[in-house]
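Just so we're on the same page: letters track the sequence lines, and every chain starts at 1.
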2 protein chains.
Amino acid sequence: MIDLAVLGLLSESDLHGYELKKRLREIMGPLSSVSFGSLYPALARLERDGLVEAVMLDAVDHSSPSIPMTGSLSGEAAAFRAGRLRSVRGSRNKKVYAISPAGRARLGELIADPSGDERNFNLKLAFCRWTEPDVRLTLLERRRAALVDCLSEGRRSIVAGSERIDRYVRSLMEHHTESTERDIAWIDRLIAAERTTAEPMAAEHAGPPVESQTIGGKP
Amino acid sequence: MIDLAVLGLLSESDLHGYELKKRLREIMGPLSSVSFGSLYPALARLERDGLVEAVMLDAVDHSSPSIPMTGSLSGEAAAFRAGRLRSVRGSRNKKVYAISPAGRARLGELIADPSGDERNFNLKLAFCRWTEPDVRLTLLERRRAALVDCLSEGRRSIVAGSERIDRYVRSLMEHHTESTERDIAWIDRLIAAERTTAEPMAAEHAGPPVESQTIGGKP
DNA sequence: GTCATCATGTAAGCCGTTACATGATTGC
DNA sequence: GCAATCATGTAACGGCTTACATGATGAC
């Protein structure tokens, strides 16, 4: 999960740990954000595995400002090498990470991997622009199916426990049901957008669209 | 968290582990439910701490069908002792748990405790009928405040990252914002219901209602 | 000069999951 | 008799949080 988040953010720009954490809060919300205690070890592990590369920025000899280097660094690190950015705020002792080709491949795997959906869907969606269109569609449809399941199970629970449940539980369940319906509608909009964006030629080997399966208004 | 769920469910009726797990799925949804691997140890711990009491039902000598016993057991166990329920489905080797007075007190503490809101709000709400009305109101208002925070932080993120974020992240953030607005409206309905239910006399020492703080339609 | 923020890490421990092990009961 | 479900547990392991430890920089 943390790998997904880190690789996804580094796909867009090179970042150091502290900034990474701020971005993490932005996209994951204050709740369910990660702490430094897990972020830094994760970065170390990703570096060890060759999925990210780190450049230490400290009191640098910024001689030769235009080295091509390995070519995999861009964004902040490149800007730094180019001579800009040094005064932005204490550019000492910051370890700027960049995603490697292997890291990009891993990100693709993580987004395509169906296990750990549910928990990580939001993150996968946030970074799905780095995957192929068909992976995106699959992700969205898998999510839709899960939500439909969740919805019907929720309704079943309300019926099954109708005598037992008090007004608080009832309100909770009803609210949850409505939220899930809205989530499904949202996913449907994303799916529709995805289909119109994709080249129409690819439509034939994508199979017929899922049965429209009305999710219904308030019962 | 698991303590909260277990004590809450046992407040309503005596249950054995397996049934407890099913109820857990009902109220917490299929996602974020607990597994046997954590449920059974938790039950053992709660029993050790005197928060629940267990009655083993196995191939029983059900002599003397009307013992008063300790008096703390009710529901399924009582029904069993009364001679009903034995044929409902293999009543052998089931360990039926009942909440103790200490357990009820602990449940009250867990619901009132502000830490671990966010993660456990739904569970707290589900079982808040076992607490005092003022605890319920405090819980709801704490939640409302958290959601308002979340909302404003979300909006700030959208503005702050407006250039950086792609359409997937944008859609995610907008959907999240809308969901949060709906959550707040829902909480407001619960708060309103709570206030009208509470005896009007108590209104004076509850302080003035929170500033109405419009959460706004689509910006 | 001191405080808030930026910045990076380590260590202990909680909480929960997965996988394993076992056995009774019911329906076919 | 065999599979599915009911029912209870244990053991290993993983991921993330909390708390701790450290130090630079910038604002006032």
Whole angstrom is fine here: how far is it from [atom1] in [X] over to [atom2] in [N]?
| X | N | atom1 | atom2 | answer |
| --- | --- | --- | --- | --- |
| Y40(B) | dA7(D) | OH | P | 8 Å |
| Y18(B) | dT26(C) | OH | C1' | 13 Å |
| L24(B) | dA7(D) | CG | C1' | 16 Å |
| L46(B) | dG9(D) | CG | C1' | 16 Å |
| L20(B) | dA7(D) | CG | P | 12 Å |
| H16(B) | dC6(D) | NE2 | C1' | 8 Å |
| L4(A) | dG15(D) | CG | C1' | 15 Å |
| L15(A) | dC6(C) | CG | P | 15 Å |

### Task
Could you please name the option among dA7(D), dT8(C), dG9(C) that lies closest to any side-chain atom of Y97(A)?
dG9(C)
### Message
By nearest atom, which of the nucleotides dC6(C), dT8(D), dT8(C) is closest to the K94(B) side chain?
### Response
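Among the listed nucleotides, the one closest to the side chain of K94(B) is dT8(D).
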### Message
Given 3.5 Å as the limit, does a donor-acceptor pair link the side chain of S171(A) with the main chain of R167(A), or not?
### Response
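No; judged by distance alone, with no hydrogens or angles, the pair does not exist.
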### Task
Check whether any side-chain N or O of R144(A) sits under 3.5 Å from a backbone N or O of D188(A) as a donor-acceptor pair, and report yes or no.
no
### Task
State, yes or no, whether a side-chain contact exists between F127(B) and I27(B) at a heavy-atom distance under 4.5 Å.
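Counting from C-beta outward, F127(B) and I27(B) do come under 4.5 Å.
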### Query
Is there a side-chain contact between K124(A) and L110(A) (heavy atoms, below 4.5 Å)?
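SC-SC contact between K124(A) and L110(A) ruled out.
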### Message
Can you confirm whether the side chains of Y168(A) and E194(B) place a donor and an acceptor under 3.5 Å from each other?
### Response
yes
### Task
Identify, between P41(B) and K22(B), the residue whose nearest nucleotide on DNA chain D lies closer to the 5' end.
K22(B)
### Query
How many angstroms lie between atom CD of E53(A) and atom CG of D14(A), to the nearest 0.5 angstrom?
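Spacing of CD (E53(A)) from CG (D14(A)) equals 9.5 Å.
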### Query
Roughly how far, to the nearest 0.5 Å, is CG of L24(B) from NZ of K21(B)?
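Answer for the NZ-CG pair, K21(B) versus L24(B), is 7.5 Å.
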### Task
Determine, for nucleotides 15-21 of chain C in 5'-to-3' order, which nucleotides have protein heavy atoms under 4.0 Å from the base (write B), from only the sugar-phosphate (write S), or from neither (write -).
-SBB---
### Message
Looking at dG9(D), I'd like to know if its phosphate oxygens (OP1 or OP2) sit under 4.0 Å from a side-chain N or O belonging to K95(B).
### Response
yes
